[in-house]
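Read the structure below first, then the notes.
To find a chain, count down the sequence lines: A is the first, B the second, and so on, and within it residues start at 1. What you see is a predicted model; the values in this text were computed from it and never measured.
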2 protein chains.
Amino acid sequence: MSHSSGVRQVQKQQTRQALLDAGLRLLEHQNLSSLGLRELTREVGVSPAAFYRHFPDMAGLGVALVGEALGSLHATIRAVLAQGAGAAGSAQNDALIEASVALTADYVADHRPHIRFIARERHGGVGPVRAAIAAELDRFADEVAAGLATQPDSARWSAADLHVLAQLYVDHMVATAAALLEVPPDDRAGHERILAAARLRMRVIAVGRRHFFDADA
Amino acid sequence: MSHSSGVRQVQKQQTRQALLDAGLRLLEHQNLSSLGLRELTREVGVSPAAFYRHFPDMAGLGVALVGEALGSLHATIRAVLAQGAGAAGSAQNDALIEASVALTADYVADHRPHIRFIARERHGGVGPVRAAIAAELDRFADEVAAGLATQPDSARWSAADLHVLAQLYVDHMVATAAALLEVPPDDRAGHERILAAARLRMRVIAVGRRHFFDADA
DNA sequence: TCATTCAGTAAACAACTGTTCTCCGACTTT
DNA sequence: AAAGTCGGAGAACAGTTGTTTACTGAATGA
């Protein structure tokens, strides 16, 4: 058999990664559908034909970038949500909100180009990429719904309705991430303004969930 | 002076409109940044050079499309929100939610390509278009905030926090509109599924607003 | 050691791109 | 009726684009 860590494979992965990195760099200021194959290979320093050794399409490159951008996030999200399992009270809830917002802020700070790519291509013109992003976000919603289900405030909620609520949380986090991109990375004040707004909105949603089945709701 | 309804002006507006219409048609399956000038003029049946008589750029065409897509919506939104002014009780609130959701559904049904364009270019690669969309959505948030302010449930809310809440409503409506686009126009079941989820989420937010300052919030 | 695999190259393909120029001819003003 | 305006056509510009082809030479496995 051919073990997968031969010199050949390693070098192939290196240029593949170089293509992904250069793509991300070039996509900071343009859409995937306007990124040229030659433009990309020129940036990397390989011949145009070399691209086809790694991806069938530009769409293929895009799908790979989606995985790079969001793939590692699932475990992190589950970890954050686990800290609120079974906990009650608004103090505990606020801690969970704070942790979620902090996670969003940190991830955007550390992966700006990736997040920008996701925001840009979420409704972009490249079908397979749109589908890949939608699939990842759906998985996020599943995970958030599972996390919500363990909390006392969700006692009277059906699984289906919890999933709808989870989508609201996910959408809101994506919106917050996109808002953070609109502000320069070193603008601490603008940064904090967005995060404060995000916290407020999450608290409104949390309160709404808790009182949703009250008599005067 | 030259009155603005001469044969000349009318014909000019006609080809301008033809450019906008053809643009919208071609943008249904691609991004603005990948729409070629020649591709567009070919679709309309005019020479490439004719484009420059109407727009300096593709970005210019895009900004004009933003106005076409969202400009007429402000008055409609104000009208819907006015019906809830000063009203209390969850029944009245539900009516307002229903009206908002119905407005969104109708507008998407009647302006699918426009809304698709907005969703696609909201975070797209063309700066001026992004800015134009952001400006329109900000105006929507202003209008929603003004509408919310007239309701008893907002009694203890500051103007600034109401504006943050209004952005949540606007974001949610945009997300709902985008979700409607993902489903074929004649899929009544999928359509209704999305609208039911939107209503639920809006109700959660409304309940959260009402109980936000409760002792156990 | 020798044959095989295969990532990357170079060149050629036909087609396409945005922009500028000069010109025409129908509308508009005087 | 003459002079002026101006939307649009047509051609030329110098590039660019994605894709396929035959090839090289180093890593690989027997």
B:V80 side chain near B:S100 side chain, heavy-atom distance below 4.5 Å: yes
Distances for protein N/O vs nucleotides 15-19 of chain D N/O pairs under 3.5 angstrom?
{"from": "D:dT17", "atom 1": "OP1", "to": "A:R42", "atom 2": "NH2", "distance (Å)": "3.1"}
{"from": "D:dT17", "atom 1": "OP2", "to": "A:R42", "atom 2": "NH2", "distance (Å)": "2.8"}
{"from": "D:dG18", "atom 1": "OP1", "to": "A:L37", "atom 2": "N", "distance (Å)": "2.3"}
{"from": "D:dG18", "atom 1": "OP2", "to": "A:L37", "atom 2": "N", "distance (Å)": "3.2"}
{"from": "D:dG18", "atom 1": "OP2", "to": "A:R38", "atom 2": "N", "distance (Å)": "2.8"}
{"from": "D:dG18", "atom 1": "N7", "to": "A:R38", "atom 2": "NH1", "distance (Å)": "2.5"}
{"from": "D:dG18", "atom 1": "O6", "to": "A:R38", "atom 2": "NH1", "distance (Å)": "2.8"}
{"from": "D:dT19", "atom 1": "OP2", "to": "A:Y52", "atom 2": "OH", "distance (Å)": "2.4"}
{"from": "D:dT19", "atom 1": "O5'", "to": "A:Y52", "atom 2": "OH", "distance (Å)": "3.0"}
{"from": "D:dT19", "atom 1": "O4", "to": "A:R38", "atom 2": "NH1", "distance (Å)": "3.3"}

Over all atoms of both residues, closest heavy-atom pair of [X] and [Y]:
X: A:S33; Y: B:N31; result: OG-ND2, 2.9 Å
X: B:I97; Y: B:A206; result: CD1-CB, 4.4 Å
X: B:Q167; Y: B:A141; result: CG-CB, 4.0 Å

Inter-residue atom distance B:L26.CG - B:L40.CG, 0.5 Å rounding: 6.5 Å
Neighbours of DNA chain C within residues 12-21 of chain B, by heavy-atom distance under 4.0 Å: none
Integer-rounded Å distance: [N] [atom2] and [X] [atom1]:
X: B:F51; N: C:dC21; atom1: CZ; atom2: C1'; answer: 19 Å
X: A:L40; N: C:dG8; atom1: CG; atom2: P; answer: 13 Å
X: A:Q9; N: D:dA27; atom1: CD; atom2: P; answer: 14 Å
X: A:H54; N: C:dA7; atom1: NE2; atom2: C1'; answer: 7 Å

Pairwise ring pair (Phe, Tyr, Trp, His ring centres under 6.0 Å) hits with a residue in residues 58-84 of chain B, at least two apart: B:H74-B:F140
Pairs satisfying ring pair (Phe, Tyr, Trp, His ring centres under 6.0 Å), at least one member in residues 7-46 of chain B, at least two apart: none
Salt bridge (Lys or Arg N to Asp or Glu O under 4.0 Å): pairs with one or both residues in [range], sequence neighbours excluded:
range: residues 8-25 of chain A; answer: A:R25-A:E43
range: residues 125-135 of chain A; answer: none
range: residues 102-127 of chain B; answer: B:R122-B:D171

B:V7 side chain, from C-beta outward: closest of C:dT28, C:dT9, D:dG8: C:dT28
Partner residues of B:Y169 under the ring pair (Phe, Tyr, Trp, His ring centres under 6.0 Å) criterion, sequence neighbours left out: none
Dot-bracket line, read 5' to 3' along DNA chain C, where crossing pairs take [ ] and | marks a partner on another strand, Watson-Crick or G-U under 3.5 Å: ||||||||||||.||||.||||||||||||
Report, one line per pair, each donor and acceptor closer than 3.5 Å where one atom sits in a side chain of residues 177-194 of chain B; sequence neighbours left out.
{"from": "B:D187", "atom 1": "OD1", "to": "B:A189", "atom 2": "N", "distance (Å)": "3.3"}
{"from": "B:D187", "atom 1": "OD1", "to": "B:G190", "atom 2": "N", "distance (Å)": "2.9"}
{"from": "B:E192", "atom 1": "OE2", "to": "B:R199", "atom 2": "NH2", "distance (Å)": "2.3"}

Listing time: all N or O pairs from protein to nucleotides 22-26 of chain D that are below 3.5 Å?
none

Residues in salt bridge (Lys or Arg N to Asp or Glu O under 4.0 Å) contact with B:E68, at least two apart in sequence or another chain: none
